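Below is one structure, written out as structure tokens; the observations come after it.
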Protein chains: 2
Amino acid sequence: MTGGYLKGRLRREDIITAAIAVYREAGYHGSSLREVAKRAGITHAGLIYYFPSKEALLAAVLERRDAEDADREQLNVAAPGLDMLRHLIGLAEYNVAHPGIVDLYVRLAAEAVSPGHPAHEYFVRHYRVAREEVLASFQALADTGELRPDVDPQVAALTFIALEDGLQAQWLTTPDEVDLVGSLRTYLQSLLTVPLS
Amino acid sequence: MTGGYLKGRLRREDIITAAIAVYREAGYHGSSLREVAKRAGITHAGLIYYFPSKEALLAAVLERRDAEDADREQLNVAAPGLDMLRHLIGLAEYNVAHPGIVDLYVRLAAEAVSPGHPAHEYFVRHYRVAREEVLASFQALADTGELRPDVDPQVAALTFIALEDGLQAQWLTTPDEVDLVGSLRTYLQSLLTVPLS
DNA sequence: CCTACCGATCGGTAGG
DNA sequence: CCTACCGATCGGTAGG
């Protein structure tokens, strides 16, 4: 009875996977529904049967990213503090092993700076959530004296997110000249009074 | 006698100015020669008379950016060291006052991460030059004991560039929640043994 | 610099 | 899900 629905769900997942691959190579604006459809093995009109517009497909791609991140978070119920920072380093290591994901993220984030972009609100939320998460960790570390007393948790949180983003772009452009994880680790360590690892 | 040539040069400048405005709003791939031409007050075929292809126009835009940066550098012959760092803060202040330039830079940099993009080589060079410039300053500071002894100049240079780039993207997306210049200043100060200002 | 045009491609719709 | 199609737009060319 649910066979039809199951098949539809699987087809949807195939399309989203194809879309991620295409966005990665051409960005959102630079990609076409026809190219995504071809990789998913259907026509572009067939794709529109599942996702009624180009924007709806983008929304589905971003939803999957969030779902995957949530999965990883759940496996890794790190409390705010040192463990959370180590977890963030782990996420960076995961990213370095999956350049395609980083590529997609960097390109979409840049396109979406303009308020009219269909993913703009997504990134506004994304930045806010990321900042709050990191801030909570720095505040916890401040409470236990593990954060250097001259470090402002608010500034440190903002800076950490920005540093991660900037390193990603520079690493994608010149991979051989950027040690993404090492640089992050060095930065974090410089804020702490205890060894990070 | 040079009247014709002068007029052509001026027209070229008009077109480049229009291109910057359009790239800023739509990115390079998202913009059209027709839109650029319309803002410059000519037809798109007229534009092609001056710039033989879309890529040639992009090259001219990047050349102008380099020329303007070089002008600012020349006015401000800062030697490597503290003065140079203050100069970089000044550049960040200039950028915050000119969001359009930052927008263009962030969008192009993200599009150009892929090796096939017409501006890819430009950004490879841009990152390398930027890193070397900042590295020279940190090394000079290390020699005079103004850099904290536990700071590696190489890592600090890479990190500074990445931080600036990441802050720009986050600031463009959520301007009210990011203090770009203040964050840069705080970061730099944390590396030094002497007051930055 | 323009008019006029080309082939290609785009997102989306109709109708089944 | 497909075939067939739409109007719009693209970069670039011809020819003046």
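Every value quoted in this text rests on a predicted model; they were computed, and no experiment measured them.
- Between B:Leu57 and the options B:Ile48, B:Val22, B:Ile15, a side chain to side chain contact (heavy atoms under 4.5 Å, CB included) holds for only B:Ile15.
- Checked against a 6.0 Å centroid threshold, the rings of A:Phe123 and A:His117 do not count as neighbours.
- Under the 3.5 Å distance criterion, the side-chain polar atoms of B:Thr173 are left unmatched by any main-chain donor or acceptor of A:Val113.
- Taken together, the paired segments of DNA chain D that extend over three or more consecutive Watson-Crick or G-U pairs, each closer than 3.5 Å at both contacts, are C:1-16 with D:1-16.
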| remark: Protein-proximity profile, nucleotides 3-16 of chain C, B/S/- by nucleotide at the 4.0 Å heavy-atom cutoff, equals B-B----BBBB---
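- B:Glu93 meets the salt bridge (charged side-chain N to carboxylate O under 4.0 Å, His left out) test with B:Arg185; sequence neighbours excluded.
- Residues A:Ile20 and A:Arg64 have side chains in contact (heavy-atom distance under 4.5 Å, counting atoms from C-beta outward).
- With a 6.0 Å cutoff to the six-membered ring centre and a 45° limit on the axis angle, B:Arg12 counts as a cation-pi contact of B:Phe51.
- A:Glu55 and A:Ser53 share no donor-acceptor pair across their side chains, judged by distance under 3.5 Å alone.
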